[in-house]
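One is the number of the first residue; the rest follow in order along the sequence. Please read these numbers as outputs of a predicted model, since none were measured by experiment.
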Amino acid sequence: MQFIFYLPAILFLISGFPQMIKLLKTKSSEDISISMYLITCAAILIIVIDAYLHRNNSILISNLASLAITGTNTFLVVKYKRKSSSSLF
């Protein structure tokens, strides 16, 4: 029954794409909180480490996917925020 843990990963990936597309189109991240993205990445990373240590593959894979989309969005937010202002937070 561990396949149920893949569903949140799919939903998380779907939820992250609109922000990624907007960031890529506008090349602006003025109104986006970098702190929120950094904290989310840290939380997901902790889950990934825990899943790895406990050999829970479904949670590991789903959260690696989540980390990929969140990490990409975080990178884009930082990249485009640097161009528009000097303060990241």
Side-chain angles (χ1 to χ4, degrees):
M1 193 67 175
Q2 287 197 3
F3 67 90
I4 194 74
F5 291 111
Y6 292 109
L7 181 59
I10 293 167
L11 294 174
F12 203 97
L13 286 171
I14 292 169
S15 74
F17 281 124
Q19 186 65 62
M20 184 186 299
I21 291 167
K22 185 174 181 179
L23 283 165
L24 290 169
K25 280 184 178 180
T26 65
K27 298 195 182 337
S28 172
S29 64
E30 287 181 40
D31 299 330
I32 299 174
S33 169
I34 185 66
S35 300
M36 185 272 300
Y37 273 101
L38 291 172
I39 292 167
T40 302
C41 282
I44 296 171
L45 184 60
I46 291 167
I47 295 169
V48 165
I49 292 168
D50 183 66
Y52 175 78
L53 293 174
H54 289 95
R55 292 182 172 81
N56 191 329
N57 290 335
S58 60
I59 292 178
L60 178 65
I61 292 168
S62 66
N63 280 284
L64 281 173
S66 298
L67 188 60
I69 192 83
T70 305
T72 301
N73 282 345
T74 303
F75 170 77
L76 292 172
V77 168
V78 170
K79 177 180 177 181
Y80 296 133
K81 198 164 283 243
R82 282 189 181 161
K83 289 182 179 181
S84 63
S85 70
S86 60
S87 175
L88 288 177
F89 302 94

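How far CD1 of I10 is from OG of S66: 10.5 Å, rounded to the nearest 0.5 Å. Remark: L23 CG to T74 OG1 distance equals 10.0 Å, nearest 0.5 Å. Here the OG atom belonging to S58 is positioned 9.5 Å from the CG atom belonging to N63, to the nearest 0.5 angstrom. I69 CD1 to T40 OG1: the interatomic distance, rounded to the nearest 0.5 Å, is 13.0 Å. In this structure, I46 CD1 and L67 CG are separated by 11.5 Å, a value rounded to the nearest 0.5 Å. Considering CG of L60 and CZ of R55, their distance stands at 11.5 Å, rounded to 0.5 Å.
Under the 4.5 Å side-chain heavy-atom criterion for ILVMFWY residues, no single connected hydrophobic cluster contains both I59 and L11. Under the 4.5 Å side-chain contact rule for hydrophobic residues, I44 and I49 share a cluster. There is no path of hydrophobic side-chain contacts, each under 4.5 Å, that joins L7 to L64. There is no path of hydrophobic side-chain contacts, each under 4.5 Å, that joins I39 to F12.
Screening N57, D50, N56 against H54 for a side-chain hydrogen bond (donor to acceptor under 3.5 Å, both in side chains) leaves a single residue, D50. Evaluated for a side-chain contact (heavy atoms from CB on, under 4.5 Å) with S29, the options T26, D31, I32 yield exactly one hit, I32.
Formation of a donor-acceptor pair under 3.5 Å by the N73 side chain with backbone atoms of Q19 is not found in this model.
Counting heavy atoms from C-beta on, the side chains of L24 and Y80 come closer than 4.5 Å.
The shortest non-hydrogen separation linking E30 to K81 is O-NZ, 3.6 Å.
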